[in-house]
Amino acid sequence: MPASRSEPRAVVIGAGIGGLTAAVALHQQGWHVTVLERAPAVEAVGAGLGLTPNSLRALDVIGLGDTLRPMRTWTDEGGLRTPSGRWLSRTNQAAAAARFGGPFVPVHRATLISLLLSRLPGEAVRTGTPATVADPGGPDRPARVRSDAEEWEAELAVAADGIHSPARSVLFPGSPAPRYAGFTAWRLVVPAPDVAYPPHETWGRGTLWGTQPLHDGRVYAYAAAAVPAGERAPEGEHAELRRRFGTWHQPVPAILDAAGPDDILRNDVHQAAEPLPAFHRGRVAVLGDAAHAMPPTLGQGGNQAVEDGVVLAHHAAPQADVPQALAAYTRDRLPRTSEVVRRAVRVSRLITLTSAPACALRDALMATAGRAGPHLALRALDGIADWSPPGEHDAAATPHGGTGGR
Ligand SMILES: Cc1cc2nc3c(=O)[nH]c(=O)nc-3n(C[C@H](O)[C@H](O)[C@H](O)COP(=O)(O)OP(=O)(O)OC[C@H]3O[C@@H](n4cnc5c(N)ncnc54)[C@H](O)[C@@H]3O)c2cc1C
């Protein structure tokens, strides 16, 4: 179906965090945007998501940063603990803001998705429409995107179809699919328990638990364990969490008491086997998990997808030469996200250690590093959370000048 309108047409495959951010940013640039989503509805799936100052500055570009920042909950101390509750390293929101030029804001994924949807025209999102790239297009021909029943021509297409991206295998057939990262993850959002719960991440032997309060009186918790891919708990995931974490420090047992079996999401974690050769082909940009799947150990998968969407729209103005704009997008995003993936994988190696001596050594080193200088957990995000988007927002938004962006 050729575009029959004066605005150039952009078609986005996937209405996740990355696809919707790109859609909003492109719409605000003057593109006629259609988002094709496989699911029957853009649902409140997922759990919590820690927005970091880098993505909040990207969200400023599309007018959402200041809506989200007041949702920050974490004001006092938080940090890294052992299962008995001993602190290995502490930090606080003021230190985070001073280091990165803004707060950390844990939100429910559904909150971010509905804010993004609210910035798009109602007819922009087509649900129940699995799609893929039929032709990536080129300098003299549009891209073509196809679903079972329909085909769209577009001056720009965006593959934002997530970790198992069908579009990625069409665009880069020689590139290996993401591989198992060596651990499985559980996520849950429950009413806040009636115990003190400073935000924390707690590392055990091949296991991890994290707790983040949300602004609406609920709490987001996540857990991980190094197990073979595909393993599922015969007694159910709630029982499995109790078995693994029920004796850990508070608020872990209280959160498990507040949870029911239906509150728990479990996913095996996958990561890019190697960087893609480019984040575009022809007139199609690839972004988010489709481009650079990473373990959630730095909490950056969604944050990087937001950055991708805003940087893509920065380069791809409606009057731009699209193939050239996409080459600039690849130049901006591929090195940065490859580095974030590499660092997230490095942290994964620490949390998947299972031998007692290795974990004791790890904890001793963390405690020493934590004593030598506070804010160990923040240091892991140096060069990541201090990023600013390209363009006029750099100067306004970043007291640190943004080290990782361009
Ligand atoms: C345990 C865990 C904890 C995490 N914690 C954090 C965190 O704290 N901070 C953070 O930033 N990130 C976190 N992440 C990562 C984050 O969730 C992802 O990186 C992020 O959701 C990627 O967004 P996306 O838009 O690329 O993909 P997705 O959110 O997966 O969206 C892809 C969309 O495409 C749709 N789709 C797929 N195929 C098709 C098709 N053929 N046609 C049409 N639509 C299609 C899907 O239905 C989906 O809606 C975590 C991940 C896990 C597993």
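One-based numbering, in listed order, for ligands and for the atoms of each. Quick caveat, the model's predicted, so the values are computed rather than measured.
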Inset, instruction - Give the single entry among A131, A185, G18 that approaches atom 40 (C) of ligand 1 most closely by any heavy atom. - result: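 Checking each option, the heavy atom nearest atom 40 (C) of ligand 1 is found in A131.
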Inset, instruction - Please work out which of V35, T132, D161 has its closest non-hydrogen atom nearest to atom 37 (C) of ligand 1. - result: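 It is D161 whose heavy atom sits nearest to atom 37 (C) of ligand 1.
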Inset, instruction - Could you tell me whether R9 and E155 make a salt bridge, using a distance below 4.0 angstrom between a side-chain N and a carboxylate O? - result: no
Inset, instruction - Can you spot which of N303, V340, V311 makes a side chain to side chain contact (heavy atoms under 4.5 Å, CB included) with W387? - result: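 Exactly one candidate clears the test, V311.
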Legend entry - H249 and H200: CA distance, side-chain angles, deciding distance, ring pair (Phe, Tyr, Trp, His ring centres under 6.0 Å) verdict: CA-CA 11 Å; H249 66 80; H200 68 99; 4.7 Å; yes
Assess [X] for proximity to ligand 1: is some non-hydrogen atom of it under 4.0 Å away?
X: N267; result: no
X: I13; result: yes
X: T21; result: no
X: R109; result: yes

Inset, instruction - Compute both the distance and the angle, then confirm whether R86 meets the cation-pi test with W248: under 6.0 Å from the six-membered ring centre, within 45 degrees of the axis. - result: no
Inset, instruction - Using a strict cut-off of 4.0 Å, indicate which atoms of ligand 1 neighbour a heavy atom of G299. - result: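 Selected atoms, number and element: 7 (C), 8 (O), 9 (N), 10 (C), 11 (O).
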Legend entry - Per-atom contacts, ligand 1 versus D289 - under 4.0 Å to a heavy atom: 18 (C), 19 (O), 20 (C), 22 (C), 26 (O)
Legend entry - Geometric class of the H292/F279 ring pair [parallel <30°, tilted 30-60°, perpendicular >60°]: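 If you compare the ring of F279 with that of H292, the planes turn out tilted.
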